[in-house]
There are 2 protein chains.
Amino acid sequence: MSSSTPHLHIADHDHAKCVAGALAAARDVCAQRGERFTELRGRVLELVWESHRPIGAYAILERLRADGRSAAPPTVYRALDFLMSVGLVHRIESLNAYIGCAHPGQRHASQFLICTDCGTAVELDDPAVAGALAQAAEKRGFKVEARVVELSGHCASCAQG
Amino acid sequence: MSSSTPHLHIADHDHAKCVAGALAAARDVCAQRGERFTELRGRVLELVWESHRPIGAYAILERLRADGRSAAPPTVYRALDFLMSVGLVHRIESLNAYIGCAHPGQRHASQFLICTDCGTAVELDDPAVAGALAQAAEKRGFKVEARVVELSGHCASCAQG
DNA sequence: TCACTTTCGATATATTATACCGCGCTCGCA
DNA sequence: TGCGAGCGCGGTATAATATATCGAAAGTGA
């Protein structure tokens, strides 16, 4: 584990497989929806999946440039906007950062647990939370269109693992 | 109702009372905590309470300048940071904006219903939601330190009022 | 091949937020 | 009542994040 990933205890997992799976799922989703999964979009998705920590748009930009590619902010934001529009990437509002979607292709209302020690963000799809939110909104006649649910704190490993 | 507040159906309320109440509560909270409730902080809090719609830092800045006051971004951010630190103001992450706390002085885990039509944000303190979130986190050994729960959509009035 | 649409490069600029410095006021305390 | 320590704030500069716009290139479908 590199020093840049303290306590990344989503360890014990084959991350290459994560990335490959995400890319494969992306191809599927885009094919199904008749969207073009271009080389740039693929590369950006790959960078977003580089780790399980949300990554900023400008960090992605740096990496694209490191590839030798000419890139400017719009390059990144366009790709991210596309990836979010097809549900392959989520934006973490409290960090102004982006993370790969854990359940691409499926409709889901996700929640994030963000560890402020190791930086990892875990995506949940907890039905009890989703249900409680839906009820709270309905009780007030509110029609929900978008949800931002982000809990920050210490993951199990960092809290004392 | 001004054209700048379409469908503000938190109507039927004496907003001056809202503001006065918020300022009084602020004085109390600061007194209790031995914090200084300065004129600037009071004015910023008042501006945040100008409506029930989240307001951006730079909008606050403009209003301060309209007062004839000399002010720069740090002026506003310092005041907002203070007000948030004592729990008088919340930040709405999905809007990069700020709103007065509906339950100052009380510990609470709030959720926001943000209407994309009229711009109002209603603060809830729904125990079922709070409970579901606590459980979801605990189940995974996650120690929660901060919560961001923001639902966007259409309020009862705007959805069809 | 041609017309059409989408994607991308490129430049400029907008929006939101913070780092830093120094002064003066306030408050606690002798 | 004077003093020192800390806090609040004015002010400048700059960082970090995001968007508007335009034209060229590449893919798509007839």
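Every chain is numbered from 1 and lettered A, B, ... according to where its sequence line falls, protein lines coming before strand lines.
A sub-4.0 Å separation between OP1 or OP2 of C/dA17 and a side-chain N or O of B/R91 is present. Remark: B/T75 is in phosphate contact with D/dG10, judged by side-chain N or O atoms under 4.0 Å from OP1 or OP2. OP1 or OP2 of C/dA10 lies within a sub-4.0 Å distance of a side-chain N or O belonging to A/S70.
In this structure, the nucleotide among C/dA17, D/dT12, D/dG8 sitting nearest to the side chain of B/Y98 is C/dA17. The side chain of B/Y58 approaches C/dT16 more closely than any other nucleotide in the set C/dT16, D/dT12, D/dC9.
For the pair B/P73 and B/R69, both in contact range of DNA chain D, the more 5′-proximal nearest nucleotide belongs to B/R69. Remark on DNA chain C: of its neighbouring residues A/A71 and B/P74, the 5'-side contact belongs to A/A71, judged by nearest-heavy-atom nucleotide.
Side-chain atoms of A/R78 come within donor-acceptor range of the base of C/dG9, with a qualifying N/O pair under 3.5 Å. No hydrogens or angles were tested; on distance alone, nothing pairs the side chain of B/R36 with the base of D/dG6 as donor and acceptor under 3.5 Å.
The separation between A/Y77 atom OH and C/dG9 atom C1' is 17 Å, rounded to whole Å. One interatomic measurement links the two molecules: CG of B/L80 to P of C/dT18, which rounds to 10 Å at whole-angstrom precision. One can place CD of A/E39 at 12 Å from P of D/dG27, the figure rounded to the nearest angstrom. Rounded to whole Å, atom P of D/dG11 lies 13 Å from atom CG of B/L64. Summarising the geometry, the separation between CD1 on A/I55 and P on D/dA16 is reported as 15 Å, rounded to the nearest angstrom. Taking atom CG of residue A/L40 and atom C1' of nucleotide D/dA26, one finds them 14 Å apart after rounding to whole Å. Rounded to an integer number of Å, the gap from CD of B/E62 to P of C/dT15 is 10 Å. In this structure, the CG atom of A/N96 is 16 Å from the P atom of C/dT15, given to the nearest Å.
A side-chain donor-acceptor contact under 3.5 Å links A/D126 to the backbone of A/A128.
A 4.5 Å side-chain heavy-atom check between A/P54 and A/H90 finds every atom pair outside the cut-off.
Relative orientation of the A/W49 and A/H15 rings is tilted, given thresholds of 30° and 60° on the angle between their planes.
Of the inter-residue distances, the one linking A/I60 atom CD1 with A/R43 atom CZ reads 10.5 Å to the nearest 0.5 angstrom.
A cation-pi arrangement is found for A/R41 relative to A/F82, the charged atom lying closer than 6.0 Å to the ring centre and inside a 45° cone about the ring normal.
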